[in-house]
Amino acid sequence: MADRQRITPRAEDFNAWYNDVIMRAELADYSPVRGCMVIRPRGYRIWELMQEALDGMFKETGHENAYFPLFIPQSFLAKEAEHVEGFAPQTAVVTHGGGKELEEPLVVRPTSETIIYAMLSKWVQSYRDLPVLLNQWANIVRWEMRTRLFLRTTEFLWQEGHTAHATADEAEAETQLILGVYRRFMEEWMAMPVITGVKTESEKFAGAVRTYACEGLMQDNRALQAGTSHFLGQNFARAFGTQFQTASGELDYVWSSSWGVSTRLVGGLIMTHSDDVGLVCPPRLAPTQVVIVPIFRRDDERTRVIELGNRMADELRSDGIRVLLDERDGMKPGAKYYEWESRGVPVRLEVGPRDVEKRQAVLARRSGGKAPVSLDELGAGVRGALDDIQVTLLAAARERREANTYRGVDQGQLIEIMEGPGGLAFGGYCGS
RNA sequence: CGGGACGUAGCGCAGUCCGGUAGCGCACCUGAAUGGGGUUCAGGGGGUCGCGGGUUCAAAUCCCGCCGUCCCGACCA
């Protein structure tokens, strides 16, 4: 056996395994810039699918997308005391532009509260202007000392929701509404069960009154902070003078929330499901859900098999399934199987001369098991398998969680756990 | 910023201790056969050995300096 590129087994070195899975599945690569990563098409597609699902959920709950600038005047950051203390040490600062030194340095946004509240101060006058329910998809920069692919990079992609309300209760309700949206997304789409709770004082967002978080369980039994939703009180409103006139004619500061999930979710996805063969991707977020591998010997067989493969692909595609026909020549079917498995494609359809005759295909699942499907029931069969895999992955992840196998590190990053098994200790994965 | 490992072909590595023609596997290109779980044979292309100095007849190899990467730690909204 040749020295085939091997994925380090999880049991041997979990971190090496994680990197190997990413490189092997071609999800991302290291960039020439320290701490920054290149997200390759296969990895970016997962993020796009996440975005699609989340964006729909945000819109269903009344939010609108907007976009605020990448640069923030350095003085903005300093207006909220806790905020500047938390973020100033990890900002990138632009001091020159157009060959000249800037009068005021510009911070590359580490988060957008400050610039958004500066704008809301202009836009909000009356209680009738509230609530404001905004979201933006953006990139941000935080100068981290140590980075890891997807989990913590200097620049990363995320969404940040920012809402302003007339009352504390409304803002609090919004904060928890989004926490629920996140939980639903993580469980229904990522098949990643999470525990929700309140972050400790030292772990909360700098400038928030209270931070809620979704924590996922990774296969090395460590928790991963997968999403946060912050109740900001009136902190930013006071700092930026975001006032409105109430129905009774008084002036008050708006109450607000902010919340975000990032490309770290892709890392969480990997660490939740993947195995020593490579990536395991829940069908709903799989860039390719079905790969069709043709098998043939002679040219005439090739013609017939490829033709059938194309028909199958067309049918599935029209059914909304993300399917790919692997026509590459000179590569044996077995080699293709291994490759697509390491890339996390949940379902494989094998089509050979025997199948053409029997009007069927052999459906193989990424996690094992093969069975023939009649062409007449192809769509239903594939759809059923995809749904089943999605459910099975969540159940398996739940089982690990219920087994309470969290690593016994008692750093207690969450206080007041809201759901899930109680009394769990959180050994922070990459902290917060 | 500390500790560890490393830097030789696109990728993974050997060669470094003990200086003497730059090698192996995978990948890639050409041709033929092969094809239901990682094909085989034959031929071929590809290298400032991280960078800069020094020692030497001769440096991937020894000495000095620098740069970079990964892992662990500190940091982590």
Side-chain angles (χ1 to χ4, degrees), chain A residues 1-8 13-20 23-24 26 29-37 77 80 82-91 109-114 140-149 151-154 156 158 160 199-208 211 213 225 227-230 232 235 258-260 262 264 277-278 293-299 301-302 305 326 328-342 348-358 360-362 364 368 370 372 411 413 428-432:
Chain A
M1 171 92 35
D3 186 29
R4 188 162 280 120
Q5 259 193 27
R6 184 183 89 121
I7 292 177
T8 308
D13 182 342
F14 193 82
N15 292 320
W17 166 81
Y18 175 77
N19 289 329
D20 287 350
M23 299 305 273
R24 183 67 164 279
E26 298 178 344
D29 204 348
Y30 298 103
S31 84
V33 182
R34 183 191 155 79
C36 293
M37 70 186 282
L77 220 56
E80 213 285 335
E82 246 183 62
H83 196 64
V84 66
E85 194 185 327
F87 283 106
Q90 43 182 320
T91 52
R109 65 179 162 221
T111 179
S112 302
E113 275 80 3
T114 56
I140 60 176
V141 168
R142 295 175 183 182
W143 216 262
E144 302 289 350
M145 290 179 169
R146 192 176 152 218
T147 57
R148 298 198 54 198
L149 293 173
L151 298 174
R152 168 167 276 109
T153 45
T154 300
F156 58 95
W158 78 343
E160 48 181 323
K199 283 281 179 184
T200 59
E201 191 60 22
S202 64
E203 287 283 326
K204 76 167 195 198
F205 176 75
T211 290
Q225 178 181 294
T228 46
S229 186
H230 317 289
L232 302 176
N235 291 351
S258 69
W259 28 275
S262 71
R264 173 185 284 178
V277 177
V293 178
I295 299 154
F296 51 83
R297 223 177 291 242
R298 306 183 308 267
D299 270 0
E301 285 177 346
R302 180 176 199 280
V305 163
D326 188 348
R328 284 177 297 177
D329 218 339
M331 199 172 172
K332 290 186 77 172
K336 293 181 179 178
Y337 299 168
Y338 279 97
E339 185 179 281
W340 291 112
E341 279 166 14
S342 74
R348 178 179 72 240
L349 290 169
E350 306 171 4
V351 199
R354 296 206 289 269
D355 301 305
V356 174
E357 264 171 51
K358 293 197 229 168
Q360 65 167 36
V362 174
K370 277 193 194 186
Q411 292 179 326
Q413 294 187 6
Y429 213 104
C430 304
S432 40

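Values below: all heavy atoms of this structure, side chains included; hydrogens, waters and symmetry mates excluded. Reminder, nothing fancy here: chain letters follow the sequence lines and each chain counts from 1. The shown structure was predicted, so the numbers you read here are calculated from the model rather than taken from an experiment.
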Would you mind reading off the distance between [X] atom [atom1] and [N] atom [atom2], rounded to a whole angstrom?
| X | N | atom1 | atom2 | value |
| --- | --- | --- | --- | --- |
| A/K199 | B/C76 | NZ | C1' | 11 Å |
| A/E203 | B/C76 | CD | C1' | 8 Å |
| A/I7 | B/G38 | CD1 | P | 18 Å |
| A/F87 | B/C75 | CZ | P | 17 Å |
| A/E85 | B/C76 | CD | P | 10 Å |
| A/M145 | B/C71 | CE | P | 16 Å |
| A/I295 | B/G37 | CD1 | P | 7 Å |
| A/N19 | B/U69 | CG | P | 15 Å |

Any strand counts, and the cut-off is 3.5 Å on both contacts for Watson-Crick or G-U wobble. Which nucleotide pairs with [N]?
| N | answer |
| --- | --- |
| B/A74 | none |
| B/G38 | none |
| B/G43 | B/C29 |
| B/G23 | B/C13 |
| B/G68 | B/C6 |

Check: A/K370 side chain, B/G37 base, donor-acceptor under 3.5 Å: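 Side chain to base: pair present.
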Kindly say whether, by distance alone, the side chain of A/R302 makes a donor-acceptor pair under 3.5 Å with the base of B/G35?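 Checked by distance alone, the answer is no.
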Between [N] and [M], how far apart are the two [atom1] atoms, rounded to whole Å?
| N | M | atom1 | result |
| --- | --- | --- | --- |
| B/C49 | B/A9 | C1' | 10 Å |
| B/G19 | B/C57 | P | 15 Å |
| B/C11 | B/G31 | C1' | 26 Å |
| B/A14 | B/U55 | C1' | 27 Å |
| B/U56 | B/G73 | C1' | 43 Å |
| B/U21 | B/A5 | P | 30 Å |
| B/G12 | B/C6 | C1' | 13 Å |
| B/A59 | B/G54 | P | 12 Å |

Can you tell which of [options] lies closest to the side chain of [X]?
| X | options | answer |
| --- | --- | --- |
| A/Y30 | B/C70, B/C75, B/G37 | B/C70 |
| A/F296 | B/C76, B/G38, B/G35 | B/G35 |
| A/R297 | B/G36, B/G38, B/G35 | B/G35 |

Minimum heavy-atom separation for A/G207 and A/E80, please, with both atom names.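 Smallest heavy-atom distance, with atoms named: CA-OE1, 3.6 Å.
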How would you label the contact of [X] with the nucleic acid (heavy atoms, under 4.0 Å): base, sugar-phosphate, or nothing?
| X | value |
| --- | --- |
| A/V293 | nothing |
| A/K336 | nothing |
| A/S202 | sugar-phosphate |
| A/R354 | base |

side-chain contact (heavy atoms from CB on, under 4.5 Å) partner of A/P294, chosen from A/V305, A/L349, A/D355: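 It is A/V305, the one option of A/V305, A/L349, A/D355 that forms the side-chain contact (heavy atoms from CB on, under 4.5 Å) with A/P294.
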Lys NZ or Arg CZ of A/R348 over A/Y337 ring: under 6.0 Å, within 45°: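 Cation-pi check for A/R348 and A/Y337: passes.
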